[in-house]
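Everything on this sheet refers to the single structure shown next.
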Amino acid sequence: MLRISLAHDDKYRLYTPIDDIAEHLQRATILYEDQNYYAHSGVDYLALLPAFWQTYVLQERRIGASTIVMQVARLRWNILSWIGY
């Protein structure tokens with residue numbers, strides 16, 4: 001480890017250039033985190049429907065609908081989610 005730092009949110013960040021991350025791991029991350037990554041413009045409106053239904057109508061376990069783009073923006077600009085904060 002050459003560079004590890006404690007970020008302003010008290011979480012450790014280990015910088016790794018994208019070229020150093022295996023392509024199959026990149027694809028697996030996209031598949032797990034945002035199945036429609038290549039099909040939406042940053043907001044996956046189809047994912048919002050089941051998330052809203054299960055979380056607010058059925059009042060079951062909360063599920064999210066955030067995309068990778070939304071997660072990166074939230075971390076980059078320190079935007080807190082309005083749910084739970």
Side-chain angles (χ1 to χ4, degrees):
M1 280 193 288
L2 297 177
R3 178 178 164 194
I4 190 168
S5 59
L6 185 62
H8 65 282
D9 59 358
D10 292 330
K11 294 181 181 177
Y12 284 100
R13 304 280 188 241
L14 177 61
Y15 174 75
T16 304
I18 193 74
D19 293 335
D20 291 348
I21 300 173
E23 189 174 330
H24 68 276
L25 181 57
Q26 293 177 35
R27 287 193 311 266
T29 301
I30 290 172
L31 181 63
Y32 181 79
E33 288 290 329
D34 190 356
Q35 295 84 6
N36 298 318
Y37 179 77
Y38 295 104
H40 61 68
S41 62
V43 177
D44 188 351
Y45 294 103
L46 292 177
L48 292 173
L49 296 172
F52 177 83
W53 185 262
Q54 181 170 332
T55 302
Y56 296 105
V57 176
L58 300 178
Q59 296 185 350
E60 295 178 350
R61 181 181 64 89
R62 287 184 176 180
I63 60 172
S66 66
T67 64
I68 291 175
V69 174
M70 294 165 76
Q71 293 175 37
V72 169
R74 183 179 57 80
L75 291 171
R76 169 63 178 91
W77 288 290
N78 195 28
I79 301 168
L80 296 177
S81 170
W82 61 274
I83 297 174
Y85 291 98

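Hydrophobic clustering of Ile, Leu, Val, Met, Phe, Trp and Tyr side chains at less than 4.5 Å, counting indirect connections, keeps L49 apart from Y45. Cluster annotation: Y38 and I68 are assigned to the same hydrophobic cluster (Ile/Leu/Val/Met/Phe/Trp/Tyr, side-chain heavy-atom contacts under 4.5 Å, transitive). Note: the hydrophobic cluster containing V72 also contains I30 (ILVMFWY, side chain heavy atoms under 4.5 Å, direct or indirect links).
The minimum heavy-atom distance between I21 and L25, with the atom names listed, is CG2-CD2, 3.9 Å. Of all heavy-atom pairs spanning A51 and A65, the tightest one is CB-CB, 4.0 Å. Between Q71 and S66, the closest heavy-atom pair is NE2-OG, 3.3 Å. Between T55 and R61, the closest heavy-atom pair is OG1-O, 4.2 Å. For the pair Q26 and I18, the tightest heavy-atom approach, listed with the atom from each and the gap, is NE2-O, 3.2 Å.
With rounding to the nearest 0.5 Å, the separation of CH2 in W53 from CD in E60 is 10.5 Å.
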Quiz item: Run the side-chain contact (heavy atoms from CB on, under 4.5 Å) check on L48 and V43 step by step: do they pass?
Solution: CA-CA 9 Å; L48 292 173; V43 177; 4.3 Å; yes
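Counting heavy-atom neighbours within 6.0 Å of E23 CD, excluding the residue itself, gives a total of 12 or less.
With a 4.5 Å cut-off on side-chain heavy atoms, T67 and E33 do not count as touching.
Contacts of Y37 classified as ring pair (Phe, Tyr, Trp, His ring centres under 6.0 Å), with partners at least two apart in sequence or in another chain: none.
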